[in-house]
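Residue numbers start from 1 in every chain, and the chains themselves are labelled A, B, ... in the order their sequence lines are given, proteins ahead of strands.
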There are 2 protein chains.
Amino acid sequence: MQPSGDLRTEHNSVRAMTSEQLSDRRAGILQLVIQDYIETATPVASRHVVEKYALPASPATIRHEMHALEQGGFLTHPHTSAGRVPSNRGYRHFVQSLMGHAELGLAEQASVRHQFFQAAPAVDEWVELAANVLARSLGLLVIVAPPHPERLRVRQLELISLNELLVLMIVVVQEARMIRQLMPLPQPIEVDELDDLATRLSWMLRGQSAPDVREAARQAIDAPDTHPVEHFVLDTLAQVLDRDAQRAGVPAIAGLGGMMAQPEFQQVPERSLELIELVDQHAAEDLIPSGVIEEVTIDGAMHVLIGDDHPTELLQDCSLVLAPYSSSTITPDSPEIPGYVGVIGPTRMNYPRNIAAARFYSQLLQEMIDAVYGVSR
Amino acid sequence: MQPSGDLRTEHNSVRAMTSEQLSDRRAGILQLVIQDYIETATPVASRHVVEKYALPASPATIRHEMHALEQGGFLTHPHTSAGRVPSNRGYRHFVQSLMGHAELGLAEQASVRHQFFQAAPAVDEWVELAANVLARSLGLLVIVAPPHPERLRVRQLELISLNELLVLMIVVVQEARMIRQLMPLPQPIEVDELDDLATRLSWMLRGQSAPDVREAARQAIDAPDTHPVEHFVLDTLAQVLDRDAQRAGVPAIAGLGGMMAQPEFQQVPERSLELIELVDQHAAEDLIPSGVIEEVTIDGAMHVLIGDDHPTELLQDCSLVLAPYSSSTITPDSPEIPGYVGVIGPTRMNYPRNIAAARFYSQLLQEMIDAVYGVSR
DNA sequence: CGTTAGCACTCTCGGTCGGAGAGTGCTAAG
DNA sequence: CTTAGCACTCTCCGACCGAGAGTGCTAACG
């Protein structure tokens, strides 16, 4: 799956706009208003926009247009005598039609790449790094998840005796992850015997996943001449494979600080508190609705959820930019749940920049993973 | 080092109190005021305390005593017509002399133990778990760090060929940690040769730490008949040992949500924001002053820092309970930096409970580590 | 001399009021 | 269609006020 330039927003099937196409000027004004509001976070007044952008029209005219835009549902104003604020619909139209396609600056791209090549070459590290760097650069909440296989398949098994009754099990799986597990034995075993067992199982299990291992464990129980520890090891291995398949996909979350510094969170303590609590508990599943993850798994396209698209009440006034990516190791017999780069911020977020950034980081992560894990022999 | 029941607070050498010993009644009132304030977070009035605790005296009398306590520096009041609030000195006296010795309830102890035995047996997991469970139970910020050796010593080395030019290096160190490192090779090497190299180096390096490995690398360069990859492997190994010694001690932080829910943070957005930012960046070193860590490394005793003991301005109105612990694997030739369980909350924290909890968790962690890693053969 | 009732005093808190400022919507003229 | 003018509305902010809460002081009492 190649991250496509294609952009999905919810509601995009609903072409409610056909009835009232926006004139060029009107669209231009909408764009200016949205850009200005994104920048200043204050309702934008007709007069302000005229002066700031040196429009060839009077405030009254602009007011007229703004009024029309409000009728169309693209703008609102918080009270009679305040400037205009984009509505969710306004943002949606902005993202779909008004805003151009942006890329991250080359200097920034280079600097980010540099940091990634400095880091230790492990997916977890990259994911963590991506979340931190991106969060810092955007000042928003960033959630980055690694792609992970649905099932892990054994590649190599090592058993290291720590003492008579304690063994360290190391499993290298096909997907180049590594799992370690301390294993207290039910009965002692000789070091030599343990080594033999490890090499034998390592051969036997190559390419197998949890269900296969379970099957092997069942057979080992029936076979008369096997060491009792063998069954125990197989059993533990199966458990560990399952457990780690779960754990492989845990996302990194960063940027709570920047997020809380956004003006929309300064005044609403109880909403802030909820959000802090979610992040504190690493509850990524509550921050990114599972429905979108499913869609993304199927179509692999970037998604932008704006405002009340969001099912969680907590994030009513927030938007989510989600850029999925997969490793190229994906094959029919080892299906994979894609990773993603998610940016969460107030609906008043810098969409062009955030979308470009999420796309760039997701592509970079994909590249990095492919470069290192892509070709296995 | 056994976590001792001994309790240190800063300033405890200063016996400024000798000049004015508190009468029994006065001390009792101080205790009531502090307990009440800890419970309610509102300034406590003379009348309130009389009614709530059915004191055999009138509000006026209590007022008199409170006045005296204020003269002595144990209480303050925020403004003329508010109840009394404990001062830092008041808290300090409370912790040192007034509050009794508390233990965690047996039911809670059992439940926590249970959770620990459920978890995967790895120090990192325990540390993470301890931070989460404790934070949730106290509703405060909790920082838990694992003890970690100053130097890592090699126990076993594995080299797993992923493809022609990419090798996964796995180092098991004496301290039962495991390090993995992906290593792009400067030139290809046969799989058999790689296996040989691994077993040979594994023997050769057993018990050695980074400086020794560096030395070995230097010798390998001079020796004429060694495969050029050998030097490269040794070099990487030395780097990795150093890097991981750093990384081994990273603390887990949890409980920001509960902390921000404390009334003292509801009204002060900019202070909250700073704190959120520190936690977001995992800046444990800014939350726990390094001076205390040093002291703790030397004397191994619990410490309680109250209010302006804290050098960081940010935590002026906070207290820190710090319970250090070490693994028993510590020997003269492998010095260890102790781990700790730290609880940070407003100075108005439940000291007896928090101290008991920190002590219990630190002892539990020590037990767990000793049970699994203590005896190595 | 310690204790207590009484009372004046002080300060916060919440609500109301009013003026300044900001923007809009409407209207009528260009 | 555009625009100047103007009335209207709503927020924001500071001032003000009264109620309530608690203290500190004083004087009387056992």
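For the pair R63(A) CZ and dA7(D) C1', the interatomic distance rounds to 12 Å; values are reported in whole Å. dG21(C) atom P lies 14 Å from atom CZ of R47(A), rounded to whole Å. One interatomic measurement links the two molecules: CE of M66(B) to C1' of dA21(D), which rounds to 14 Å at whole-angstrom precision. Between the NE2 atom of H64(B) and the C1' atom of dT23(D) there is a distance of 13 Å, given to the nearest Å. Rounded to whole Å, atom C1' of dG24(D) lies 16 Å from atom CG of L69(B). Between the C1' atom of dG22(D) and the CD atom of E65(B) lies a distance of 18 Å, rounded to the nearest Å. The distance between atom NE2 of H77(B) and atom P of dA21(D), rounded to the nearest whole Å, is 18 Å. In this structure, I62(A) places its CD1 atom 18 Å from C1' of dA22(C), rounding to the nearest Å.
Along DNA chain C, the nucleotide closest to P59(B) and the one closest to H79(B) are compared, and the more 5′ of them pairs with P59(B).
Note on ring orientation: taking the six-membered ring where Trp is involved, the planes of Y91(A) and Y351(A) are tilted (angle from 30° to 60°).
The shortest distance between the side-chain N/O atoms of R84(A) and the OP1/OP2 oxygens of dG25(C) is below 4.0 Å. In this structure, H67(A) reaches the dG25(C) phosphate: one of its side-chain N or O atoms is under 4.0 Å from OP1 or OP2. For dT3(C), one of the phosphate oxygens OP1 or OP2 lies less than 4.0 angstrom from a side-chain nitrogen or oxygen of R25(B). A sub-4.0 Å separation between OP1 or OP2 of dC8(D) and a side-chain N or O of T80(A) is absent.
The main-chain N or O of I62(B) is never found under 3.5 Å from a side-chain atom of S46(B) such that the two would form a donor-acceptor pair. Remark: the backbone N or O of M260(B) is not paired with any side-chain donor or acceptor of E277(A) at under 3.5 angstrom.
Nearest to the side-chain atoms of S58(A) among the listed nucleotides dT4(C), dT3(D), dG22(D) stands dT3(D). Among the nucleotides dA4(D), dT23(D), dT4(C), the one closest to any side-chain atom of A60(A) is dA4(D).
Put simply, the side chain of S81(A) and the base of dC10(D) share a donor and an acceptor less than 3.5 Å apart.
Within 6.0 Å of CZ on R136(B) lie no more than 12 heavy atoms contributed by other residues, nucleotides or ligands. Atom CZ of R26(B) has more than 12 heavy atoms from other residues, nucleotides or ligands within 6.0 Å.
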